[in-house]
Amino acid sequence: MIDQITASVPESCQAGVDLSTPGGDQWLDELADGLTEHGWMSQDVSVLLTPSLLKGLRSEVRILDRTEALRKAGVGRGQDLLQDRSVRRDKIAWLQGVTPVQAALFEFFELVRLGLNERLFLGLKRFEAHYATYHNGDFYRRHVDSFQGRASRVVSLVLYLNEGWQEADGGALQIFNRENENEVCGVVLPLAGRMALFMSEEIPHEVLPAHRTRYSVACWFRCDEVPLPL
């Protein structure tokens with residue numbers, strides 16, 4: 001499957017991260033400030049992740065979707081993993097960083113990891129990531145990404161890959177106030193190049209039902225050393 005994906009992504013799509021834009025690493029300062037003040041942050045990083053990289057990622061996940069290489073996502077981890085269709089209905093494929101576009105994306109995730117450690121002293125040691133596809137009607141009910149006190153998944157990141165997404169298309173990420181889980185404090189449309197970042201243990205969130213196919217990459221920055229079973 002890896003060879004099929006690599007062969008199907010055009011050479012022009014195999015691009016990387018552009019850090020030559022004005023402002024330097026100010027975007028990392030803004031991420032850190034947002035996490036500190038609100039526990040979450042949404043940011044347009046399309047100027048950092050080149051259009052060809054976003055296109056390449058979108059092509060790759062579409063191939064996985066079309067060839068039915070994605071699997072139904074579950075709730076929990078390891079032996080406790082459950083596929084509860086009343087909670088979530090997305091399909092996923094874990095990234096290994098072995099294709100050119102994944103390798104370029106992993107370089108970006110590493111910049112985020114190092115930048116947050118430098119600014120917030122979070123002790124993030126590694127990250128894991130997967131593609132996610134939501135078809136028409138798919139959703140993910142309100143949840144948090146890590147249990148309190150586990151200190152495994154510490155910061156969550158979602159990068160969106162969808163061009164021309166409209167509010168009527170649904171599939172928005174809905175963020176709840178960490179002080180009042182019944183208060184919606186943010187709504188993020190899954191537009192290509194848009195990124196949402198939030199504290200994994202603190203911020204309840206949900207994906208509203210999608211009305212067209214929706215593609216994204218989910219990434220978690222972790223404090224544990226050894227990868228756990230996926």
Side-chain angles (χ1 to χ4, degrees), residues 1-21 25 27-28 31 41-73 90-116 124-135 138 140 145 153 155-165 169 171 173 188-197 207 210 212-222 227 230:
M1 179 57 65
I2 294 298
D3 292 339
Q4 180 181 353
I5 293 172
T6 304
S8 301
V9 176
E11 194 75 27
S12 61
C13 290
Q14 298 177 2
V17 180
D18 182 6
L19 298 179
S20 62
T21 55
D25 58 0
W27 63 279
L28 285 168
L31 284 181
M41 178 73 178
S42 175
Q43 192 176 61
D44 183 356
V45 291
S46 57
V47 295
L48 300 173
L49 302 180
T50 60
S52 53
L53 174 55
L54 291 170
K55 182 179 179 181
L57 292 167
R58 186 165 54 251
S59 297
E60 194 167 275
V61 69
R62 280 176 173 167
I63 293 168
L64 290 169
D65 190 22
R66 189 166 60 244
T67 57
E68 299 185 355
L70 301 166
R71 62 180 177 83
K72 292 179 181 178
D90 56 318
K91 293 183 178 181
I92 65 171
W94 290 93
L95 278 66
Q96 305 297 329
V98 294
T99 65
V101 292
Q102 290 184 28
L105 182 63
F106 277 23
E107 290 180 10
F108 174 72
F109 288 159
E110 183 65 5
L111 286 174
V112 174
R113 185 187 73 83
L114 294 174
L116 293 180
L124 305 174
K125 294 183 172 63
R126 63 184 183 90
F127 58 82
E128 59 189 5
H130 67 53
Y131 284 123
T133 296
Y134 290 76
H135 290 147
D138 289 347
Y140 195 165
D145 282 355
R153 288 179 172 177
V155 177
S156 302
L157 181 155
V158 187
L159 173 68
Y160 299 107
L161 306 174
N162 311 287
E163 292 184 314
W165 197 273
D169 295 325
L173 177 69
V188 182
L189 289 182
L191 284 163
R194 171 64 56 178
M195 179 175 74
L197 210 74
V207 177
R212 55 177 273 209
T213 301
R214 171 193 189 274
Y215 298 117
S216 62
V217 176
C219 175
W220 297 273
F221 298 91
R222 306 179 62 107
L230 300 178

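None of these values were measured; they are calculated from a predicted model.
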Within-4.5 Å side-chain heavy-atom neighbours: Arg214 and Asp138: no

Aromatic ring pairing Trp220/Trp94, orientation class (parallel under 30°, perpendicular over 60°, tilted between): tilted

Nearest heavy-atom neighbours spanning Asp169 and Gly164: OD2-O, 4.0 Å

Validation row: Thr133, Leu64 side chains within 4.5 angstrom (heavy atoms): no

Nearest-0.5 Å distance that lies between atom OH in Tyr215 and atom CZ in Arg62: 6.0 Å

Derivation and outcome, side chain to side chain contact (heavy atoms under 4.5 Å, CB included), residues Ile92 and Arg71: CA-CA 5 Å; Ile92 65 171; Arg71 62 180 177 83; 4.1 Å; yes

Value rounded to 0.5 Å, distance of CG in Asp90 from OH in Tyr134: 3.5 Å

Contact summary for Leu31 and Met41, nearest pair of heavy atoms: CD2-CG, 3.7 Å

Minimal non-hydrogen separation, Gln102 against Gln96, with atom names: OE1-N, 3.1 Å

Stepwise side chain to side chain contact (heavy atoms under 4.5 Å, CB included) check, Val112 with Trp27: CA-CA 10 Å; Val112 174; Trp27 63 279; 3.9 Å; yes

Minimum heavy-atom distance Leu161-Tyr131, with the two atoms named: CD1-CE2, 4.3 Å

Closest non-hydrogen atom pair, Thr67 against Ile63: OG1-O, 2.7 Å

Donor on one side chain, acceptor on other, Ser156 and Asp145, under 3.5 Å: yes

Spatial distance of atom CD (Gln43) from atom CG (Leu157) [nearest 0.5 Å]: 10.0 Å

Distance-minimising heavy-atom pair for Arg212 and Glu163: NH2-O, 3.3 Å

From Leu57 atom CG to Leu49 atom CG, the distance as rounded to the nearest 0.5 Å: 8.0 Å

Between OG on residue Ser216 and NE2 on residue His130, distance to nearest 0.5 Å: 8.0 Å

Steps toward side chain to side chain contact (heavy atoms under 4.5 Å, CB included) verdict (Glu107, Glu110): CA-CA 5 Å; Glu107 290 180 10; Glu110 183 65 5; 5.7 Å; no

Cation-pi check, Arg113 onto Phe221 ring (under 6.0 Å, within 45° of axis): no

Atom pair CG/CZ of Leu159 and Phe109 - distance to nearest 0.5 Å: 6.0 Å

